Engineer: 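Handing you this structure, nothing more for now.
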Amino acid sequence: HEADAYRTDLMTITRYVLNEQSRNPEARGDLTILLSHIVLGCKFVASAAGLAKLIGLAGETNVQGEEQKKLDVLSNEVFVKALVSSGRTCVLVSEEDEEATFVDPALRGKYCVCFDPLDGSSNIDCGVSIGTIFGIYMIKDKENVTLEDVLQPGKNMVAAGYCMYGSSCTLVLSTGNGVNGFTLDPSLGEFILTHPDIKIPKKGKIYSVNEGNAKNWDEPTAKFVEKCKFPKDGSSPKSLRYIGSMVADVHRTLLYGGVFLYPADKKSPNGKLRVLYEVFPMSFLMEQAGGQSFTGKGRALDLVPTKIHERSPIFLGSYEDVEEIKGLYAAQA
Ligand code: AHG
Ligand code: MN
Ligand code: MN
Ligand code: MN
């Protein structure tokens, strides 16, 4: 029998992805290798983020008087270098780089990665959870790599995920076959499967939005939030939970149910969140977990971006809650 103290059948993220990839015969382990490099980046940020909290690394000068890079930039450099050195990527889009990175042909692979190296930057200095978000496309033609390879609708993504750096370090991933959560075991330095086959509750009791923007909301959003606070059908009001790091708000929504919204408003008609490395990966995960994601006009994953830092309004979470929002937008249309 198993030794009581230790489970011996460790389902690490690498082993999980290998199993997943062995489903398709022509897989050559490229996605496994790519994801292992993303995991390396996440382990780095987990440790650096911890340091930043303890000694205020972000935006300060360190003991040698060096101009210390902000955690955004530091994390971005680590992810870009890890992704390029994996030899499995050819175009990279990062929130922190104005232009896409085209990998040197000698190191090119067949994947494009869109990522937000450090999500929730405003929360770094106060120690509130932050994260990394990524989405992965297969390129169209390795010999002819263009920006078109990353301006694809989100439904073409082959994998997406996020890592949340909070009280524990949790990586949530989908390679198109459901959603699984892995928690970093610092003693092993491995992400171990802790949340198998995550499914979001069909309906939730939580809404998550920055109420500070209420003055500028459009009618359907205002109506939905009003219904959450003053339900007409005698049901009890919903709870408001808003952390301000998309990764943390989405992770809670995925596990507890409810809806996360970053709507358009008069000041920003396309909302704030970026399509390629925030909206698409989180929408991909939500659909894989049985939820859905809506832009106010249509299914988020059907969007076809025209610029790499394009933004979109987003309403995502429990299937029935998003249905309600879709109904309000349809009524206004
Ligand atoms: P980032 O730190 O990567 O720029 O993302 C911040 C985003 C997202 O994490 C969060 O949901 C949203 O900003 C919060 O915006 P508000 O502070 O306007 O509510
Ligand atoms: Mn972000
Ligand atoms: Mn960011
Ligand atoms: Mn930012």
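Note that the structure is a prediction, hence the values are computed from the model and not measured. Atoms within a ligand are numbered from 1 in the order they appear, just like the ligands themselves.
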Engineer: For A264 and P313, work out which heavy atoms get closest and say how close.
Structural biologist: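 Heavy-atom minimum between the residues: N-CB, 3.6 Å.
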
Engineer: Which N, O or S atom name in E278 marks its closest approach to the Mn ion (ligand 2)?
Structural biologist: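 Answer by atom name: OE2.
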
Engineer: Only N/O/S atoms count here: what is the atom of D119 closest to the Mn ion (ligand 2) called?
Structural biologist: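 D119's closest N, O or S atom to the Mn ion (ligand 2) is named OD1.
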
Engineer: Walk me through it: do K229 and E211 pass the test salt bridge (charged side-chain N to carboxylate O under 4.0 Å, His left out)?
Structural biologist: CA-CA 12 Å; K229 299 199 272 198; E211 289 256 9; 3.1 Å; yes

Engineer: Taking the Mn ion (ligand 3) as the vertex, measure the angle between atom OE1 in E95 and atom O in L118; round to 10°.
Structural biologist: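 OE1 of E95 and O of L118 make an angle of 160° at the Mn ion (ligand 3), to the nearest 10°.
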
Engineer: Run the salt-bridge test on K326 and E320 with the 4.0 Å N-O cut-off and return the result as yes or no.
Structural biologist: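 Salt bridge between K326 and E320, a charged N being under 4.0 Å from a carboxylate O: no.
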
Engineer: How is the N/O/S atom of D116 that comes nearest to the Mn ion (ligand 3) named?
Structural biologist: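 The nearest such atom is OD1.
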
Engineer: Without swapping roles, check the side chain of E278 against the backbone of L273 for a donor-acceptor pair under 3.5 Å.
Structural biologist: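 No; zero donor-acceptor contacts below 3.5 Å.
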
